[in-house]
Amino acid sequence: MLNREIINWYEFNKRDLPWRNTTDPYKIWISEIMLQQTQVVTVVDYYYRFINRFPTIKDLAFADENEVLNLWQGLGYYSRARNLHQAAKSVVADYNGVFPDSFEEILKLKGIGVYTASAIAAFAFHLPHAAVDGNVNRVLSRIYGVSESTNSPNGKRVFQSLAEELMSDAPPHIYNQAIIEFGALQCTPKNPSCDSCPLQVQCFAYINKQQDAFPVKKKKVKITDRYFYYLFIYSDDQFLLQQRGDRDIWRKLFEFPLIEANNKLELVDLIKTKEWLSVFKDSKLEITNHISRKVHKLSHQNLHIEFVHIKVETSDLNKFESILLVDKESVAGYPMPRPIEMHLASL
DNA sequence: AAGGCGGGGCC
DNA sequence: GGCCCAGCCTT
């Protein structure tokens, strides 16, 4: 009856979210990809814009990749957008544009793992798959007092099995939404609302006052420091932009010409670097200002970013071969990482 | 099994 | 400042 209590809680407490008012697997897919490691409040606006621009999977499949990335700009984890685009193409090619309706076929699509395949199978096709995400892990580990780590292979089996057992014969699309929403709103990571929780008497963590002990801690990631010096090289109406490679972070996104150093540099030292001198050998340059030191934090890197403004003659801008020359009015056509976007917006 | 990959909200 | 989030892919 535990699942009934969670579903009952859900009916009274659920949020009205746009992707809950459809059974279109395409829309549900888009929402699930956006929601990976991303909170609901962040996703909503992106979801509307994306669906509005690409109402069907064919619209997405035939789109230009830069436009897809552009709609993703600021949402992070850009591989999600590239995989989404690739998967849309393969659905059009292999399934005539009709989203596959079995768990196994859905799981084959690029960017879709066990969680997302289960979610789509349950929400769009009402198939009995338990979608186990961070919320579900937290709820189950607290209720049952599971000490297994949630990301170990054995832990995944344990939680998947517990979730399916708990679902029992409840409607999959309702049960999954309910337990996920319960984790997001009631059984939160910090300061869970145990005082108003209908599951108190059945919850191992509450009974033993160990809410903070579950789920078990995952290993910490090592954070590395990197130092980025972005050169904003501009004339009256144009500036330079280059595209990042396909290794490293922010693959294929556009940014200002970059000098990366192993540690902090002073402006004087920066000007002395060979790279710098060779680029500007024949140009008259003028460092107009030197602003905005900031630290941009990624999940595994701290980027110490400094923007250096350099005004040059329009004729000199044309000397930079292999670097894009962009009109200040057309920045919207280039998907950029957050710090670049923010800097341009602040000018 | 571990590392890479964004950005924002919250305490 | 650290933790967490509707994870997945590559090595």
Side-chain angles (χ1 to χ4, degrees), chain A residues 14-15 17-20 28-47 69 72-84 86-87 106-123 129-139 149-156 159-160 163 173 176-185 187-192 212 214-224 226 244 246-253 294-303 305 335-342:
Chain A
K14 66 181 174 186
R15 294 167 287 185
L17 302 175
W19 44 87
R20 287 192 180 143
I28 289 169
W29 171 47
I30 300 300
S31 75
E32 287 301 333
I33 300 298
M34 287 185 171
L35 286 161
Q36 287 169 6
Q37 299 294 291
T38 310
Q39 299 193 338
V40 166
V41 60
T42 307
V43 166
V44 172
D45 288 343
Y46 283 91
Y47 173 80
L69 283 170
W72 209 266
Q73 180 173 279
L75 201 50
Y77 284 134
Y78 299 94
S79 292
R80 294 186 294 176
R82 284 184 288 269
N83 291 338
L84 204 58
Q86 184 178 332
I106 297 171
L107 185 59
K108 288 180 186 170
L109 296 174
K110 192 81 169 172
I112 296 186
V114 172
Y115 163 77
T116 305
S118 301
I120 296 172
F123 299 150
H129 289 270
V132 180
D133 71 340
N135 291 307
V136 175
N137 282 328
R138 187 170 57 255
V139 172
S149 99
T150 55
N151 56 352
S152 69
N154 191 51
K156 286 180 184 173
F159 284 99
Q160 186 72 40
H173 60 295
N176 282 302
Q177 290 283 8
I179 189 168
I180 290 169
E181 188 81 333
F182 184 80
L185 299 183
C187 195
T188 51
K190 299 277 176 65
N191 303 329
D212 291 340
F214 300 100
V216 285
K217 316 264 185 198
K218 301 163 190 171
K219 273 186 181 172
K220 278 180 80 173
V221 259
K222 192 192 173 203
I223 310 260
T224 58
R226 300 173 72 178
R244 290 185 66 83
D246 54 7
R247 291 274 173 193
D248 215 356
I249 59 172
W250 299 334
R251 276 161 41 190
K252 297 296 183 187
L253 299 194
K294 58 175 290 188
V295 181
H296 185 80
K297 292 174 178 298
L298 307 183
S299 58
H300 57 305
Q301 296 177 9
N302 288 336
L303 307 181
I305 298 177
M336 303 173 215
R338 200 52 143 182
I340 302 295
E341 180 200 357
M342 299 293 284

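Labels below follow one simple rule: chain letters A, B, ... track the order of the sequence lines, proteins then strands, and each chain is numbered from 1.
Taking atom C1' on both nucleotides, C/dC9 is separated from B/dG8 by 23 Å, rounded to a whole Å. On the P atoms, C/dA6 is 24 Å away from B/dG3, given to the nearest whole Å.
Which of B/dG6, B/dC11, B/dG9 sits closest to the side chain of A/Asn191 comes down to B/dC11. The A/Glu32 side chain lies nearest to C/dA6 when the options are B/dG8, C/dA6, B/dG6. In this structure, of C/dC5, C/dC3, C/dA6, it is C/dC3 that holds the atom nearest to the side chain of A/Lys190. The listed nucleotides are C/dC4, B/dG6, B/dA1; the one nearest the side chain of A/Gln37 is B/dG6. The listed nucleotides are B/dG6, C/dA6, B/dG9; the one nearest the side chain of A/Asp133 is C/dA6. Each of B/dA1, C/dA6, B/dG9 was ranked by its minimum atom distance to the side chain of A/Asn135; first place goes to C/dA6. Closest to the A/Gln36 side chain, of the nucleotides C/dG7, B/dG6, B/dG8, is C/dG7.
Pairing each heavy atom of A/Met336 with each of A/Tyr78, the nearest pair is O-OH, 4.4 Å.
Annotation: ring-ring contact (aromatic ring centres under 6.0 Å, His included) contacts of A/Phe182 (sequence neighbours excluded): A/Trp9. Every residue two or more places apart in sequence or in another chain that forms a side chain to side chain contact (heavy atoms under 4.5 Å, CB included) with A/Lys14 is listed here: A/Tyr10, A/Glu11, A/Arg20, A/Glu181. Listed by chain and residue number, nothing satisfies the side chain to side chain contact (heavy atoms under 4.5 Å, CB included) test with A/Asn191 (two or more places apart in sequence, or in another chain). With sequence neighbours excluded, the residues that form a side-chain hydrogen bond (donor to acceptor under 3.5 Å, both in side chains) with A/Arg338 are A/Glu341.
Here A/Ile180 lies in heavy-atom contact (under 4.0 Å) with a base. Within the 4.0 angstrom heavy-atom criterion, no nucleotide atom of any strand lies near A/Ser152. At a threshold of 4.0 angstrom between heavy atoms, the contacts of A/Gly183 with the nucleic acid are absent. Counting any heavy atom pair closer than 4.0 Å across all strands shown, A/Arg138 reaches sugar-phosphate atoms only and no base atom.
Judged by distance alone, with hydrogens and angles left aside, A/Thr38 brings no side-chain donor or acceptor close enough to the base of B/dG8 to form a pair under 3.5 Å.
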Kindly give the atom pairs (protein nitrogen or oxygen, nucleotide nitrogen or oxygen) under 3.5 Å for nucleotides 9-11 of chain C.
from, atom 1, to, atom 2, distance (Å)
C/dC9, OP1, A/Gly111, N, 2.6
C/dT10, OP1, A/Lys110, NZ, 3.0

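A side-chain N or O of A/Asn135 and one of A/Arg138 form a donor-acceptor pair less than 3.5 Å apart.
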Return a table of donor-acceptor pairs under 3.5 angstrom between the side chains of residues 28-36 of chain A and protein atoms on other chains or two or more places apart.
from, atom 1, to, atom 2, distance (Å)
A/Ser31, OG, A/Ile28, O, 2.7
A/Glu32, OE1, A/Tyr115, OH, 2.9
A/Gln36, NE2, A/Thr116, OG1, 3.0

